[in-house]
Amino acid sequence: MGKLLSWMQRKREALATGYFSRQHQHLWFSTVRFIFWRIETTGQIAMSDVGVTVKKNEDFSEWYTQVILKSGLADYAPVKGCMILREDAIAMWEKIQAIVNRKIQATGHRNVYFPMFIPEGFLKKEAEHFEGFTPEVAWVTQGGNTPLEEKLAVRPTSETIMYATFAKWIRSWRDLPLKINQWCNIVRWETKATKLFLRTREFLWQEGHTAHATKEEAEAEVKYALQEYQDIMENYLAIPVVVGVKSDSEKFAGADYTTALEAMMPDGKALQMGTSHNLGQHFAHVFDIKYIGEDEKEHKVWQTSWGITTRTIGALIMIHGDDKGLVLPPKIAPTQVVVVPIPYKGAEPAEIAAKAKEIADKLREAGLSVILDDRQEYTPGWKFNQWELKGIPVRIEIGPRDLKQQQVTIARRDIKQKSFIKENEAVAAVEKLLEEIQNDLYAKAKANLEQLTAAVKTYNEFKQVMAGKGGFAKAAWCGNADCEAKIKEETGATIRVIPFKKEEPQTGCIYCGQKAKDVAYFARSY
RNA sequence: GGGGCUGUCGGCUAGUUUGGUCUAGGCUUGUAGACUUGGGCUCUAUAGACCCCGGUUCAAAUCCGGGCAGCCCCA
């Protein structure tokens, strides 16, 4: 009772001292809120929360998350760092799968599936490999109610479990080359800084694994995989990449050397788009993968492994997306064309609907993926926004005006431009437009990459780049890992790649000034 | 690896500073209907939330501790 009284006392004091000022505050905030509400409800651009509410160049990180969630590509899962890939994301991944499968199957690789559980002993066999992966391995220690005698790793990559089996499969030179690939999920237990698509504890990938009789063959395979990846990134995803070799400190744990593709994101951070490793004979030694050659002698095999992941979809979103949402390259878009009928009352709605269907069918016959959005319950404006959010490359509108003039209205997503095409030329025009969009997206991304690439001559210049907008800094490097480590410590930038296209260093090492070995691409990275 | 911030209907949020008229308000979305349809139209009705566990207290969305999740910054 005493406390109640003291509360009433305090409340009375509060009322006496602060009440009116709070009322004023409240009034003021209400007014401001009302003004924003007017802007939102009357403005051309701003609208409800259905769309993306931040601008790409104002809050990139928030923009990225919103685009993914609101376009319906993915969602968060209940477990930290795990994501749900939704219909459109899987559809895109399936497109990538189809392209990769077509390419590698044409060159004699075949798909397999190995188990996701790897005995600890396997993982431990190659010391460097184990050391590299062990900090982020998830372990199964119990089955049902019974503790396991040997704990099982949930695969962080499949070299060890595959190569234990390779040792059984490979006996003779006739068994070589062995070229397999698998599509699967991978678990790497990231502790923090997880991000949709880019860094998740579980992700999907493709891992190719090959074994060869000679070093030269393995080298050719490493190069082959990387070239195909480059083709996919540039000619399908419309993402320009820099290709080359990783420095020793960045190479795959257990490899002789790693080659990689690196792309540049709009926020100035690099993203690794794929890797192709030359494993040399390290695994062949520890797993005892040997064959009897034509020379009747015993030899160890030479191996490669290479992979790309669902991460590439994250790059796609970041590079091509805009303030209205996703922008998808036509070759990867799950749906390439959406047809929206615009039915006015009293303006032959049945005819418009029929015409829309006719156009959609014709486009489908031409091999395009088409959605006919004839939902009655949404207005055309609402549909336009929705399909733009989802990044569908081309939209066709068919309304009374079009009907009368025997034309269709074609709108392209990337530059939001409308044009009017005679109805009987529609299919050809759309096909041409899709190609144009594909090329324009690449050209634009290429221009951005060039703009975010700077050749630097001094360490000061280097630091300025990294402290500013970021991007690639092309700089001379002596080859010493200490310099690399210092640079990372001081600027956050690492060597992303030492390009295949060698450039003569114009200066000494950017850090120590000693004679430079290479020109390397440095950047902060995801 | 270190530091900081946040968690309220499906989404955005008000309320938390100062525990109590909060039986948690608004907008949006969802559902039903009407009206519309060339850029997220309008109206009516209706549904829907305090992250989890514990503590303090007569009383917790509000304070404290822990957990889980998300975000940001630095290395």
Side-chain angles (χ1 to χ4, degrees), chain A residues 1-19 21-22 25-26 29-30 32-34 36-38 40-54 59-66 69-70 72 75-83 135 190-196 200-201 267 324-325 340-347 349 352-353 356 373-389 395-405 407-411 416 418 420 466-467 485-494 524:
Chain A
M1 198 60 191
K3 277 181 181 170
L4 183 64
L5 282 172
S6 77
W7 166 74
M8 286 171 73
Q9 178 68 31
R10 268 186 284 129
K11 205 67 191 170
R12 208 172 293 132
E13 280 166 13
L15 283 173
T17 55
Y19 184 75
S21 62
R22 288 190 68 198
Q25 266 179 28
H26 180 76
F29 280 125
S30 299
V32 171
R33 219 174 285 133
F34 177 75
F36 277 118
W37 174 79
R38 288 301 298 174
E40 276 179 19
T41 49
T42 57
Q44 285 275 316
I45 315 148
M47 49 208 53
S48 71
D49 297 327
V50 180
V52 179
T53 57
V54 295
D59 189 347
F60 186 69
S61 192
E62 169 71 14
W63 170 87
Y64 176 75
T65 306
Q66 277 199 20
L69 297 178
K70 293 185 173 178
D75 208 341
Y76 286 106
V79 179
K80 178 184 166 72
C82 293
M83 71 186 286
E190 306 285 350
T191 49
K192 59 189 307 179
T194 57
K195 195 153 184 117
L196 291 169
T200 50
R201 283 180 173 174
D267 63 347
K324 299 219 84 184
V340 180
I342 319 253
Y344 271 104
K345 213 163 211 168
I352 289 167
D373 188 359
D374 54 4
R375 290 175 295 178
Q376 302 285 304
E377 59 273 26
Y378 293 103
T379 62
W382 199 94
K383 292 176 184 175
F384 296 169
N385 281 287
Q386 191 189 23
W387 296 117
E388 278 165 10
L389 179 59
R395 179 181 73 240
I396 295 185
E397 304 167 19
I398 297 169
R401 285 207 298 270
D402 302 302
L403 208 60
K404 198 173 292 171
Q405 298 174 36
Q407 65 173 28
V408 296
T409 301
I410 300 186
K416 297 192 219 56
K418 282 194 189 187
F420 309 97
M466 292 309 153
K486 285 279 184 214
I487 290 170
K488 182 177 180 182
E489 203 182 307
E490 289 167 24
T491 68
T494 51
R524 278 199 304 269

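Numbers restart at 1 for each chain; the letters A, B, ... are given by sequence-line order, proteins then strands. Computation of the quantities below employed the complete heavy-atom set of this structure, encompassing side-chain atoms and omitting hydrogens, waters and symmetry-equivalent molecules. Computed from a predicted structure; not experimentally measured.
The residue A:Thr191 sits close only to the backbone: its heavy atoms come under 4.0 Å of sugar-phosphate atoms, none of a base. A:Arg524 comes within 4.0 angstrom of nothing in the nucleic acid, heavy atoms only. A:Lys418 comes within 4.0 angstrom of a base, heavy atoms only.
Here A:Tyr76 reaches the OP1 or OP2 of B:C71: one of its side-chain N or O atoms lies under 4.0 Å away.
A heavy-atom distance below 4.5 Å is not found between the side chains of A:Lys383 and A:Arg395. Within the 4.5 Å cutoff, no side-chain heavy atoms of A:Arg524 are placed close to those of A:Thr491. By the 4.5 Å heavy-atom criterion applied to side chains, A:Thr194 and A:Tyr76 are not counted as neighbours.
Within residues 485-492 of chain A, the residues having any heavy atom under 4.0 Å from RNA chain B are, by residue number, A:Glu489.
Look at NZ on A:Lys80: it is 13 Å from P on B:G67, rounded to the nearest Å. Between the CZ atom of A:Phe60 and the P atom of B:C71 there is a distance of 14 Å, given to the nearest Å. In this entry the distance linking OH of A:Tyr378 with P of B:G30 reads 5 Å, nearest Å. For A:Lys70 and B:U29, the NZ to P distance is 13 Å, given to the nearest whole Å.
Pair check for B:G30 finds B:U46; Watson-Crick or G-U wobble, both atom distances under 3.5 Å. Summarising the base pairing, B:U23 is matched to no nucleotide, lacking a Watson-Crick or G-U wobble pair whose two defining distances lie under 3.5 Å. With a cut-off of 3.5 Å on both Watson-Crick or G-U wobble distances, the partner of B:G54 is given as B:C64.
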